[in-house]
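Presented below is the structure to which this report refers.
Just so you know, these numbers come straight off a predicted model, no measurement behind them. Letters A, B, ... are given to chains in the order of the sequence lines, protein chains preceding strands, and every chain is numbered from 1.
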Number of protein chains: 2
Amino acid sequence: MSISSRFAVGIHILSLINVDQGVTISSDYLAGSVNTNPVVIRRMMGMLKKAGLIEVRPGIAGIKLAKEPELITLFDVYKAVDVVQEKELFSIHENPHPDCTVGKHIQSTVEPLFIAAQLAMEKVLSNVTLLDVVEDIESKVALT
Amino acid sequence: MSISSRFAVGIHILSLINVDQGVTISSDYLAGSVNTNPVVIRRMMGMLKKAGLIEVRPGIAGIKLAKEPELITLFDVYKAVDVVQEKELFSIHENPHPDCTVGKHIQSTVEPLFIAAQLAMEKVLSNVTLLDVVEDIESKVALT
DNA sequence: TTACCTGTAACTATAATAATTACATTCGAT
DNA sequence: ATCGAATGTAATTATTATAGTTACAGGTAA
């Protein structure tokens with residue numbers, strides 16, 4: 001299992017908006033860069049818009065960031081594109097046998113451990129901003 | 001998306017082996033406690049055996065831990081049941097457009113960030129042992 | 001030999017992802 | 001006011017992973 005590539009695509013979209021400033025960015029343009037169908041991009045634009053990360057308007061080409069890139073973390077993107085639900089990175093089998101010592105308690109024992117692991121992962125994401133990503137990309141461009 | 005419940009079931013199986021000592025544990029018995037099909041359990045027993053966590057022999061009922069419970073971490077179980085591949089908790093869209101600044105560099109920029117997040121999650125799992133889980137379950141039993 | 005166990009192949013149902021087609025809606029330019 | 005181009009979104013399909021199930025081969029002890 002892997003977390004949906006929507007997350008990476010979301011980061012791609014936001015980075016491109018920031019890097020390609022001055023260019024009018026449409027869903028078709030983004031689809032070309034990401035190499036997918038424009039509808040996939042538009043669906044994601046809807047999610048990023050709903051999360052308050054971008055500004056888009058029907059009928060008008062041109063997407064803009066709704067915040068400065070240093071104020072957008074990868075965790076914001078991760079939540080926006082809905083790849084992992086809160087407390088549900090790990091799943092626990094339902095209906096273990098309640099007459100069994102282990103079956104009765106396994107869920108409540110394991111759940112906080114799973115949540116702690118998920119939070120540790122999410123904390124790393126929240127410590128990286130879109131600006132960090134964009135700067136890394138631009139540093140690679142400068143080398144060539 | 002969620003990580004397969006195989007992980008939670010694996011923890012359940014190992015905990016039960018440790019808690020229900022003295023009882024002869026078969027795949028049917030485990031299936032009853034987990035509330036699933038015995039074949040699902042046997043498949044998992046194969047994985048846990050292959051990872052060196054349990055000892056099972058064909059034809060003989062009775063599963064044993066291959067190590068002391070304080071030497072088995074949740075990370076060991078996680079690797080054994082093969083729920084997430086190394087470096088692949090997150091997936092990245094393939095074939096972004098190479099003529100585009102962002103498309104050309106997004107993968108190499110994002111990958112180390114994703115790996116760092118995954119490692120942080122896995123580190124939490126490696127700091128919890130089967131003994132911790134078993135003691136937590138037994139402390140709950142003692143309260144009733 | 002019998003009964004019971006593990007080991008495993010094969011098939012099915014379900015759910016999530018991603019891609020795609022089709023079309024309604026919105027807006028600016030002419 | 002209309003046309004063209006964009007976004008917004010419903011519906012369909014292909015692919016993949018999970019989980020459950022049936023069936024049966026092979027091992028072991030009584």
Side-chain angles (χ1 to χ4, degrees), chain A residues 1-10 12-13 17 23-51 53-64 66 78 81-85 88-96, chain B residues 1-10 12-13 17 23-51 53-64 66 78 81-85 88-96:
Chain A
M1 101 72 227
S2 272
I3 289 171
S4 166
S5 66
R6 275 206 306 280
F7 184 24
V9 173
H12 186 140
I13 292 173
I17 294 172
V23 182
T24 303
I25 298 168
S26 66
S27 63
D28 270 52
Y29 180 84
L30 281 165
S33 176
V34 172
N35 191 30
T36 184
N37 192 289
V39 174
V40 172
I41 298 294
R42 274 179 248 155
R43 269 198 291 254
M44 296 202 48
M45 280 162 50
M47 297 192 217
L48 295 170
K49 179 184 183 180
K50 191 174 173 188
L53 301 183
I54 61 173
E55 291 173 358
V56 207
R57 287 163 55 194
I60 305 177
I63 306 168
K64 292 176 185 170
Y78 163 96
V81 299
D82 209 35
V83 283
V84 176
Q85 302 308 304
E88 294 185 6
L89 173 60
F90 297 90
S91 55
I92 305 179
H93 51 299
E94 294 179 356
N95 310 314
Chain B
M1 106 64 231
S2 272
I3 290 170
S4 166
S5 66
R6 274 205 307 279
F7 184 26
V9 172
H12 185 139
I13 291 173
I17 294 171
V23 182
T24 302
I25 297 167
S26 67
S27 64
D28 270 51
Y29 179 85
L30 280 164
S33 176
V34 171
N35 192 29
T36 185
N37 191 289
V39 173
V40 172
I41 298 292
R42 277 182 289 214
R43 270 198 291 252
M44 296 202 48
M45 280 163 48
M47 298 192 217
L48 295 170
K49 179 184 182 179
K50 191 175 173 187
L53 302 182
I54 61 172
E55 291 173 358
V56 207
R57 286 163 56 194
I60 306 178
I63 307 168
K64 291 177 185 171
Y78 162 96
V81 298
D82 209 35
V83 283
V84 175
Q85 302 307 305
E88 294 184 6
L89 173 60
F90 298 90
S91 55
I92 305 179
H93 52 298
E94 294 178 354
N95 310 315

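Residue-to-nucleotide proximity on DNA chain D shows that, of I63(A) and M1(A), the 5′-proximal contact is made by I63(A). Along DNA chain C, the nucleotide nearest to R6(A) and the one nearest to G59(A) differ in position, and the one closer to the 5' end is contacted by R6(A).
Judged purely by atom type and a 3.5 angstrom limit, R42(B) has no side-chain atom pairing as donor or acceptor with the backbone of S27(B). In terms of modelled atom types and a separation under 3.5 Å, the side chain of S5(A) and the main chain of I92(B) share no donor-acceptor contact. For R6(B) (side chain) and M44(B) (main-chain N/O), no donor-acceptor pair under 3.5 Å exists by modelled atom type.
Counting non-hydrogen atoms under 4.0 angstrom, R43(B) reaches a base of the nucleic acid.
Checking dT18(D), dT21(C), dG28(C) against every side-chain atom of V39(A), the shortest atom distance belongs to dT21(C). Side-chain proximity of S4(B) to the nucleotides dT18(D), dG28(C), dG8(D) is greatest for dT18(D). With distances taken from any side-chain atom of V40(A) to the nucleotides dT21(D), dT18(D), dT20(C), the minimum falls on dT20(C). Proximity note for T36(A) (side chain, C-beta onward) versus dA10(C), dA19(C), dT21(C): the nearest is dA19(C). When distances are taken from the side chain of A61(A) to each of dT6(C), dT18(D), dA6(D), the shortest belongs to dA6(D). Of the candidates dA6(D), dA19(D), dT20(C), dA6(D) carries the atom nearest the S26(A) side chain, counting heavy atoms from C-beta on. In the set dC5(C), dT28(D), dT7(D), the nucleotide with an atom closest to the side chain of R42(A) is dT7(D).
The CG atom of D28(A) sits 14 Å away from the C1' atom of dT20(C) (whole-angstrom rounding). Rounded to an integer number of Å, the gap from NZ of K64(A) to C1' of dT7(D) is 16 Å. Straight-line distance from the CG atom of L48(B) to the C1' atom of dG7(C): 14 Å, rounded to whole Å. When the C1' atom of dT7(D) is taken as reference, atom CE of M44(A) falls 16 Å away, rounded to whole Å. Atom CZ in R57(B) sits roughly 11 Å away from atom C1' in dA29(D) (whole-Å rounding). The distance between atom CD of E88(B) and atom P of dA17(D), rounded to the nearest whole Å, is 11 Å. Between the CG atom of N37(A) and the C1' atom of dT17(C) there is a distance of 14 Å, given to the nearest Å. If you measure from atom CD of E55(B) to atom P of dG7(C), you get 13 Å, rounded to the nearest angstrom.
Rounded to the nearest 0.5 angstrom, L30(A) CG and I13(A) CD1 are separated by 5.5 Å.
Between K49(B) and dT6(C), a side-chain N or O to OP1/OP2 separation shorter than 4.0 Å is absent. Applying the 4.0 Å criterion to OP1 and OP2 of dA19(D), one finds that S5(B) has a side-chain N or O inside that range.
Aromatic ring orientation, F7(B) versus Y78(B): perpendicular (interplanar angle above 60°, classes split at 30° and 60°).
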